[in-house]
Student: 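Please see the structure below; I have some questions.
These numbers come from a predicted model, not from an experiment. We count residues from 1, following the sequence as given.
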Amino acid sequence: MTQLTISVPPALDNWVQARLLEGRYADAGDYLRDLVRRDQGDDADDTAWVRAMVEEGFASGIVEAEPEDVLKEIMSQLADG
């Protein structure tokens, strides 16, 4: 296993120590590994969301109107409420 040394300001150290006192983590390294793993999972979730939005956009088709006209129509609909 690779060793990593980091410096944190007192406020962050206090936060880490509070997490350790909760008993979920054996030490600061255990806590950091959990944070990194969760961040990796979030990245995969974000990628899946972006891909889904792109697919939705492709599936919705192409608007032939000028962008300015589309915006005016949207703003009009919002104003009519």
Student: So does Asp42 pair up with Arg38, basic N to acidic O under 4.0 Å?
Tutor: no
Student: Treating Ile, Leu, Val, Met, Phe, Trp and Tyr as nodes and any side-chain heavy-atom pair under 4.5 angstrom as an edge, say whether Val70 and Met75 lie in one connected cluster.
Tutor: no
Student: Write down the atom of Tyr25, the atom of Asp30, and the distance for their closest heavy-atom approach.
Tutor: CA-OD2, 3.3 Å
Student: Between Leu12 and Val36, is there a shared hydrophobic cluster once you connect ILVMFWY residues whose side-chain heavy atoms come closer than 4.5 Å?
Tutor: yes
Student: Is the closest side-chain heavy-atom distance between Arg33 and Asp27 below 4.5 Å?
Tutor: yes
Student: Scan residues 3-24 for pairs that pass salt bridge (Lys or Arg N to Asp or Glu O under 4.0 Å), counting only residues two or more places apart or in two chains.
Tutor: Arg19-Glu22
Student: Can you measure from CG (Leu20) to CH2 (Trp15) and round to the nearest 0.5 angstrom?
Tutor: 12.5 Å
Student: So how far is it from Ile74 CD1 to Asp69 CG, rounded to the nearest 0.5 Å?
Tutor: 11.0 Å
Student: Provide the closest heavy-atom pair for Ala28 versus Val16 in the form atom of the first, atom of the second, distance.
Tutor: CB-CG1, 3.9 Å
Student: Starting from Leu21 and following side-chain heavy-atom contacts under 4.5 Å between hydrophobic residues (I, L, V, M, F, W, Y), which residues can be reached?
Tutor: none
Student: Look only at the side chain of Thr47 and the backbone of Asp43, and say whether a donor-acceptor pair between them is shorter than 3.5 Å.
Tutor: yes
Student: Going through the checks in order, is the side-chain contact (heavy atoms from CB on, under 4.5 Å) test met by Tyr31 and Leu35?
Tutor: CA-CA 6 Å; Tyr31 178 55; Leu35 289 175; 3.8 Å; yes
